[in-house]
Amino acid sequence: MSIWNNLPSDLLAKIFSLLSPDSLAIARSVCKTWHTCSKAYPISPTTSTTTTTSSWFLALPIRNHRACCYAHNPTIDKWHQLSLPLPSIRPIASIGSLLLLRVTNSTTLQLGLSNPFTGEFKHLPRLHAARTNPAVGVTVSESSSSTLFPSFRVYVAGGMSEAAEGGAKYETKVEMYDSRIETWRIVGSTPVEFAVRLTVWTPNENVCIGETLYWVTSARAYSVVGYDVGRNGWRELGVPMAEKLEFASLVKRNGALGLVGGTCGGSGCIWGLSEGDKWCLIDEVPFQLGLRLLGGKRVWESVKCVGNDDCICLYRDLGSGMVACRRVGWEWGWVWIYGCDYIKGKPLHNSPIRGALLHPTLASSLIC
């Protein structure tokens, strides 16, 4: 330890910045000097290299009486427990190393940003028009100087709001939050038929390709709704095997729009959207992994999915395990991930979850 003790604090902090979050947490517990150094010279988004690490899967219990979630580290195949700022939250989207969250104990939409690895959290401002159950989408600036905490915009469309004459109405205004100026403004409109669909049949999760936000409807037959944020234009896309799918979820795969779904008695499939708005089958869940995920029943209706540029995870609940398709270069491979049954030797009760994929970092985001 004598060599390490003689290192200047700023050089030691630079070494800490090269560690993954779990390794840094271990380093901080070595001695008081290291812990003090890591706090005195906090990791900055410009020096941290954690964006090179694989995405971690975050499992947020749906009925969460404790303010915590569970994170899977794919490098060492281990689950960790993380604290959350609030017990009643639902993941909407990953933005670099931050999670956009919805506060679920609020009747009207209330959003927040969090880094679950550092405990940072802040509420976003209230919308101009308070609304219930709208669709939410996110675009990330490609010109941001930080990949950990990039500039972003949040779009909210549809939902129910209070009518001037009393009662409720479907909200047709599109509102946008810009992280650079931290305010909401009205940027467009939604045709009533799309506002209804976004309110009643659309979950909050979305995928952004270029300047277009996509949501999949949750009603059979499934369909996809797209919103071009630059042109304020709406359109609807068909879905392959729309009337037979038991679940459907949108993902981003190789920079293009993908759709994951499964049929009763059939396999789980991934389709990609090609030119001319045509869907092409590009991958299938291996039979044995799919059967293991489904508990041998071959029924997909309880399956949920989350994906990003380097991973797609299919899951059911906290303890049953997951099937993941990870990218290495331009090749994708399927693996099994065991569920979270124990944390530090203590058994956990199985529970339904919402999943998210996040690049972990202990760098300060300055969102507080």
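Keep in mind that this is a model prediction, so the values were computed, not measured.
No continuous path of ILVMFWY side-chain contacts below 4.5 Å connects Phe287 to Met322, so the two sit in separate hydrophobic clusters. In the hydrophobic cluster analysis, where Ile, Leu, Val, Met, Phe, Trp and Tyr join through side-chain heavy atoms closer than 4.5 angstrom, Ile353 is grouped apart from Leu58. Leu82 and Phe121 end up in the same hydrophobic cluster when Ile, Leu, Val, Met, Phe, Trp and Tyr side chains are linked at under 4.5 Å.
Residues Cys325 and Asp283 are in side-chain contact: their nearest non-hydrogen atoms beyond the backbone lie under 4.5 Å apart. Two residues are said to be in side-chain contact when any heavy atoms from C-beta on lie closer than 4.5 Å; Phe152 and Tyr177 meet this criterion. In this structure the side chain of Glu171 never reaches within 4.5 angstrom of the side chain of Pro134, judged on heavy atoms. Side-chain atoms of Lys304 and Ser249, non-hydrogen and from C-beta on, never get closer than 4.5 Å to each other. Under the 4.5 Å side-chain criterion, counting only non-hydrogen atoms from C-beta, Lys173 is not in contact with His128. Two residues are said to be in side-chain contact when any heavy atoms from C-beta on lie closer than 4.5 Å; Leu213 and Trp215 meet this criterion. In this structure, the side chains of Val229 and Met176 stay at 4.5 Å or more apart for every pair of heavy atoms. Taking the side chain as every heavy atom from C-beta outward, Asn206 and Tyr155 never approach each other to under 4.5 Å.
Arg327 and Asp310 are not joined by a salt bridge, as no carboxylate oxygen comes within less than 4.0 angstrom of a charged side-chain nitrogen.
Contact between Leu84 and Pro116 at its shortest, heavy atoms only, is CD2-CB, 4.3 Å. Considering every non-hydrogen atom in both Gly230 and Glu211, the closest pair reads CA-OE1, 3.7 Å.
In this structure, the side chain of Thr217 engages the main chain of Ser223 through a donor-acceptor pair within 3.5 Å. Listed for the Ser88 side chain is no donor-acceptor partner under 3.5 Å among the backbone atoms of Val103. Judged by distance alone, with hydrogens and angles left aside, the side-chain atoms of Gln81 form no donor-acceptor pair with the main-chain N or O of Cys68 at under 3.5 Å. At least one donor-acceptor pair under 3.5 Å links the side chain of Ser114 to the backbone N or O of Glu120. No donor-acceptor distance shorter than 3.5 angstrom exists from the side chain of Arg102 to the backbone of Leu109, with no hydrogens or angles considered. Checking side-chain atoms of Asn115 against main-chain N and O of Phe117 turns up a donor-acceptor pair under 3.5 Å.
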What do the steps show when you test Tyr315 against Ile337 for side chain to side chain contact (heavy atoms under 4.5 Å, CB included), and what is the final call?
-> CA-CA 10 Å; Tyr315 63 95; Ile337 298 174; over 6 Å; no
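Heavy atoms of other residues, nucleotides or ligands lying less than 6.0 angstrom from CD of Glu162 number 12 at most. Within 6.0 Å of the CD atom in Glu193, the count of heavy atoms belonging to other residues, nucleotides or ligands exceeds 12.
By the 4.5 Å side-chain criterion applied to Ile, Leu, Val, Met, Phe, Trp and Tyr, Trp336 is assigned to a cluster that also includes Phe247, Val251, Val260, Ile270, Ile282, Val285, Leu289, Leu293, Leu294, Trp300, Val303, Ile312, Leu314, Val323, Trp332, Trp334, Tyr338. Cluster partners of Met241, using a side-chain heavy-atom cutoff of under 4.5 Å among ILVMFWY residues and allowing indirect links, are Val207, Ile209, Tyr214, Val216, Tyr222, Val224, Leu237, Val239, Leu245, Leu250, Leu257, Leu259, Trp271, Leu273, Trp279, Leu281. Clustering of Ile, Leu, Val, Met, Phe, Trp and Tyr by side-chain heavy atoms under 4.5 Å joins Ile62 with none of the others.
Among Leu358, Leu357, Asn73, the single residue meeting the side chain to side chain contact (heavy atoms under 4.5 Å, CB included) criterion with Trp56 is Asn73.
Note that CZ of Arg298 is 8.5 Å distant from OG1 of Thr263, once rounded to the nearest 0.5 Å. If you take CG on Leu101 and CG on Leu124, they are separated by 10.0 Å, rounding to the nearest 0.5 Å.
Aromatic pair Phe194/Tyr227: ring centres not closer than 6.0 Å.
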